[in-house]
Each structure stands twice: as structure tokens, then as C-alpha cells.
Amino acid sequence: MTATEAVTIFERIALLMELKEENPFKIRAYRTGAEVVENFPGPIMQLAEKNELAGIKGLGEALRDKLHEMATTGGLGFYDKLREGFSDDFFELFEVQGLGPKKIKVLHETFGISSVADLKRVCESGEVAKLAGFGSKTVVKLLESLAFRETHAQEFRGDQVAPLAEEILGMLRLHPEITRVSVAGSYRRGKETVHDLDFLVATREPKLVIEDFVGIPQVQSILGQGETKASVLLRNGLQCDLRAVSNAQFPFALQYFTGSKEHNVTLRQRALDRGLSLNEYGLKPVEGSNTVEPEVMEEGDIYRALGLSWIEPELRENSGEIQLAEKQPLPKLVELSNLRGVFHNHTTWSDGVASLEAMAEEAQELGLQYLGIADHSKSSFQANGLDAVRLLKQVEEIRALNATYDGGHFKIFAGSEVDILKDGSLDFDDEVLSQLDYVVASVHASFTLPEAEMTKRIIKAMENPYVTMLGHVSGRLLLQRPPYAVDIAAVIEAAAATGTIIELNASPWRLDMDWRWWKLAKEKGVKCSINPDAHSPRGLQDIFYGIRAARKGWLTREDIINCLPLSKVDEFLRAKFLSR
DNA sequence: GCCGTTTTCGGCCCGACTGTTTTCAGTCG
């Protein structure tokens, strides 16, 4: 059994115990256990198999034994018994916003609902509204949540897709009959969610390659298999397509299947204007035209042949990239290797799972020069938010730790993710904030304010001279929770006026501010900070997703403050305050 | 179920918001 599967089982045990109204602290222990397993920096299942898990905080005797059972037998008797009568579909109910264990219990016992589909049926029939504790507004809310889920059904976040994509790419690259390989589609374009994965290979043996592809271990079922194309369903429900073309066709197919559809429509029109016809097989002169067939060896040659500079896949959304590429080279988009540090990260001081030292170690391991800590403030009780006393103590500890880094090659910046309260005031007063290196201000409560009020609230926070940057501007959780009502354009204006940096929260759940707004922000001179919002050492690697979103937002290293070297970034953090 | 300069059983995270109620339960962060 893999660690990921064990994590799911612990999480489900917690859900089932909630349903059975077990001791809440016992439930929490399973949740903590799931987190520890998920974030463990090593082959935890191998250790579990050999009974070598002693000493790990959060995994006591009972959980260690369960992990051992899972590692050795591939199952867990305790869990099997607990979940008797509950299908896999049942657990999806816990993902519906507005529905918790108590309500699920009542619905299950009264109507026998055991899936999201069941829930929809009884909500629509009017039966639910008659239940004690439920009412018409509850039903409306539930139906809204269900509609949101349906709109995004069959979509996957980056973290659900990227590891698989890389794994499969790696396998295809090793295939002896494959000469060129790429992923295409919206994944290649860096979209925040995708509904499938498209792979493209160049080969002289398409049939053989397709046969091998449908046989890889990640495949659960084959949806279709032909001479040059196959569609499969992976174990996690993700659809995956493979197309096999000749080496000569490869650049055209790659361009075509990368899209977007709108980008390609404009491109094909442009080709026609030049007497050429572009499709997934080639770029040929149209009948009667005296244009010469361009030589195309790779994708870039197609753009060149059409009088365009290179257009990165992330920019192919038909939002002005073709018009600009006609006149000049497009901006050199930021790359992962450009990042020099990361802000907005959590530790065990609030709701993170790792210590300051462990986070700093991992940051250095990733080749970064600095790490910004920003634990939660006191209003975020659920996240063990810090009050002023604890915060200042943490600052002291950070300063002490910094003194141990020889030669000043690495630095931890002491910050806070301070809650923006309902009226736009902050959770700490200026006297406290003034003692920090930087401040991230974020909304964590009162999501339902009307747009005007929410916008005013956020802008008020940005007007505070100590607020260096604004955290996750819309509060969205991809595929799960829509953004709250806020006028982003107005927020961008205010950021420009106050000199406040806007965060690009790199968590694959958030990717907030959305890439669609960055072009505007950049035009207004607003700077971006790509923030992993890491709650564990591994979470720091979410900068991978942040970079993809930043590229999609046309950002270059000059737009992003954490591309600045340590020697310059300090000064930049203080710029807003000093300019007043 | 886990943890401990309390080493062995008691403590472990709390307030806002919403909708359903008429004093509070459930959900969320």
C-alpha cells in the first residue's frame, strides 16, 4: 500500500468517527496522523513494514500498528469494519460545502442517502426542507454547492495531474520506438485545472507504442484504442489520450493539440492570409497560391513561418499574444530557476507541520536564499494563530536563527499572515506590525460580505503602510469553493496606488490571484510575490504551480519580487513603508 | 488517540456566521 492510500484511509476513519460522534480528540489524532504520513520526508511505508516508526511525533502506538498492518497486508481490518455499508461515493458528501457530519448523519439515517446524486434527488424533491434543523435556505445552499461541483465535474487540479503527467512522460521517453514526446492540451498551457491529459509521441511503430501505453500500470480501463490513438482512464479517474504521429508531423500535431482552440483559429486564419493552410498534419500552400512550403522541423518553425516570434504555450489563449508576436519578441517568462526565495509560509507556531529550522533547511535544499515566515494571527483560532506576545517571541527566535547562518548566505524573514478583520482593520496594531520584516494581509472569515463592502475592507487593509502584500485575494479553493465577491480591478488599482504587492498564492488549491488578472496588474505596475503558503517542507515545492500560473499571467522575473537576490529584496520589502 | 520539566492520567482550539430557531446547532476557517 502506498503512503497516499494510507493517508486516505486515516482521513476516512476520521470522517466515519465524526459520523458516529466519537471522541473529537480521537478524531483529531487520526487527522494529525494522516498529515504526518502525508508530509513524512522518507519511505514511510517501508519503515512501517519493518516496524521502525517509533519516535515520530503524532504517530502513537495505535496508529503505528495500523500503518504496519497496511504496509504488510495491504488493508486495515479496523477500517473495513468501520466503513461497512458505506461506498466510496459516500465520502464525496463530506466535500459538499455546507454539509458536515451531523447533517450527513441525519440525511443518511432519514433518507438513506449515500452519494452526491442521492443528495441532489432529495433536495430537489422538497423532502429535505421538511427535516428538523433544515429549511428552505439550507436546501438552496446545498443545491448551489452541488451545481458548483457539477460545473467542475471531471476537472482536476494541478497537484492531481502533474505527478502523473511527469511519470507517464518519463515512461514514454524511455520507450525505444519513440523519438519525440510531449504533453499537449491545457496542461501544457498551464491551466489551473484540466479535464484530461493529452500526450503526443513521434514514432514509426504507432501500433506497438499504443499497445504499450494502454498497458501501463496507471491505467484502470481502456476507453478506446485504435491504430494511432488511444484513450484510457487512469486510476484516479483522469482521462488520458495518446496520439502517435510521424516525426515529420510531430511539430504540427503538437501545435494543434496544445491549443487553445481560439488561438489556433486565429493562427489558421493568419496562415490563410499568407496562402498557407495549417492543420495538425502540416503547413501547406493552398491550391493556386505561389507560396513556398516552409521547412518545419519543430514547433517554433511554424510560428516563424507565419511571421511571428515564439509564443510560449502558456500564452496561447488568444488574448493578444499573436498580435504582439507579430511586432516583437514576447516577454521572457519567469522560470522556476529564477526564484531566489519564498514568502508566506507556516510553521508549527501556527498550523504548519514543521519547525522553523526544518522549513529553513528545506528552503536551502531547494537552493533558495531566503524564506519568509508568516504564521497566522490570533483571530485564526482554528489555525492556532499567534497573539502579539507569541509573535514577538517567534521574531526573536528567527533573529537568533539568522545569526547562526554564516556569512549571511541565507536569511529567514520574520512576518505575519495577519487577518483582515470584517471592517478592514488588522488583527495586530501598527506597533506590533512595525517590528516585522514584512506583512501578508489575508481574509479568512466573513466571506459573505457584499462585493462593495468586501472590496472596501481589503483596500482599507492595503492602505496600512505596514502591509507589504495582500494574500489570496479571492479566497477561492479550486473545484471546491468559488471566490468571494470582490472587485479585483479595484483591488489592483489600490495596490498600485499604495505600493502593495499582490500575492500569487502557489498552492494548487488556490492559484490566487487568478492568472487572468496579472496582465492588468503588471500594466499598473503592481508587483507579484509567488508564495507557496507552505504548511510543510514539501509544501514549499508548490512554487512549481505558482510559476506556471505566473507564466500564464505574462509575468517575467522583473515583475516578481522573490526573483530578487537576498541583497536587494530586503530593501524592496521596506519600499512601501519608506515611500510614505 | 497522542502527549508529557505534570511519566500517567487529564488536557487537547475557539469564535463568527448562518439558518433555524426563540436560545442554539452545525459548519467553517
Side-chain angles (χ1 to χ4, degrees), chain A residues 9-11 13-37 53-67 76 78-79 82 93-108 128-145 346 348-353 375-387 390 417-423 425 427 442-450 453-454 457 471-472 474-477 480-484 505 507 509-510 533 535:
Chain A
I9 289 181
F10 278 169
E11 280 169 351
I13 288 174
L15 292 174
L16 292 167
M17 283 182 157
E18 269 183 331
L19 212 61
K20 299 187 186 208
E21 297 181 59
E22 271 269 12
N23 175 355
F25 299 108
K26 206 164 159 179
I27 295 167
R28 193 193 295 166
Y30 277 96
R31 292 241 155 82
T32 312
E35 254 177 41
V36 171
V37 174
L53 290 177
I56 300 170
K57 201 165 179 273
L59 291 181
E61 205 182 335
L63 264 58
R64 284 200 298 267
D65 284 350
K66 290 189 171 71
L67 280 170
L76 185 63
F78 174 76
Y79 169 63
L82 199 62
L93 288 168
F94 290 90
E95 294 165 14
V96 177
Q97 291 283 299
L99 207 53
K102 300 285 169 60
K103 287 206 161 92
I104 291 176
K105 186 173 187 213
V106 172
L107 291 168
H108 180 69
V128 171
K130 292 180 207 149
L131 276 179
F134 290 74
S136 56
K137 283 198 178 172
T138 311
V139 174
V140 169
K141 261 193 143 176
L142 288 175
L143 285 171
E144 274 172 11
S145 300
H346 299 269
T348 42
W349 283 76
S350 68
D351 61 349
V353 301
D375 271 313
H376 288 285
S377 65
K378 57 185 185 293
S379 285
S380 284
F381 301 99
Q382 83 290 346
N384 190 25
L386 281 62
D387 59 18
R390 285 179 66 216
E417 182 181 19
V418 64
D419 268 33
I420 301 176
L421 306 178
K422 194 175 176 181
D423 64 353
S425 62
D427 207 13
S442 307
V443 167
H444 286 116
S446 303
F447 287 167
T448 52
L449 292 183
E453 220 174 305
M454 182 64 92
R457 169 192 189 188
H472 44 68
S474 84
R476 74 175 177 188
L477 293 179
Q480 200 176 74
R481 185 176 75 201
Y484 41 68
N505 191 298
S507 161
W509 285 84
R510 295 187 181 271
D533 196 356
H535 287 71

Could you state the atom-to-atom distance from CZ of A:F134 to P of B:dT18 in whole Å?
19 Å

A:E22 CD to B:dC12 P, straight-line distance once rounded to whole Å
20 Å

With rounding to whole Å, what would you report as the distance between B:dT7 and B:dG1 at their P atoms?
24 Å

Tell me whether A:D427 contacts the main-chain N or O of A:K378 through its side chain, where contact means a donor paired with an acceptor under 3.5 Å.
yes

Calculate the interatomic distance between A:L15 atom CG and B:dC28 atom P; express it in whole Å.
12 Å

Take atom P in B:dC13 and the same atom in B:dC24, then report the distance between them in whole Å.
25 Å

To the nearest Å, how far apart are A:E18 CD and B:dC28 P?
10 Å

Report yes if the ring of A:F381 lies under 5.5 Å from the six-membered base ring of B:dC13 with planes under 30°, and no otherwise.
no

Does the side chain of A:K378 get closer than 4.0 angstrom to OP1 or OP2 of B:dC14 through an N or O atom?
no

In whole Å, measure the gap between the P atoms of B:dT27 and B:dT21 for me.
15 Å

Please report, rounded to the nearest Å, how far the P atom of B:dT27 is from the CD1 atom of A:I27.
13 Å

Please compare A:F78 and A:R28 by the position of their nearest nucleotide in DNA chain B and report the one closer to 5'.
A:F78

Closest to the 5' end of DNA chain B, once A:K422 and A:Q97 are matched to their nearest nucleotides, is A:K422

Roughly how many Å apart are B:dG11 and B:dT18, using the P atom of each and rounding to a whole number?
34 Å

Rounded distance in Å between the P positions of B:dG15 and B:dG10
25 Å

Neighbour count >12 (heavy atoms, 6.0 Å) for atom CD, A:E95:
yes

Is the backbone N or O of A:L421 less than 3.5 Å from a side-chain atom of A:S425, with the two atoms forming a donor-acceptor pair by type?
no

Rounded to whole Å, please give me the gap between CG in A:L142 and C1' in B:dT18.
13 Å

To the nearest Å, how far apart are A:L421 CG and B:dG15 P?
14 Å

Specify the separation, in whole Å, of atom CG of A:L19 and atom P of B:dT27.
10 Å

Counting side-chain heavy atoms from C-beta on, which of B:dG1, B:dA16, B:dT27 comes nearest to A:S446?
B:dA16

Would you say A:R476's side chain and A:R510's backbone share a donor-acceptor pair under 3.5 angstrom?
yes

A:S145 side chain to A:Q97 backbone, donor-acceptor under 3.5 Å
yes

Checking B:dT18, B:dC2, B:dT27 against the side chain of A:L63 (C-beta onward), the nearest is B:dC2

Work out how far the C1' atom of B:dT8 is from that of B:dC3, and round it to whole angstrom.
11 Å

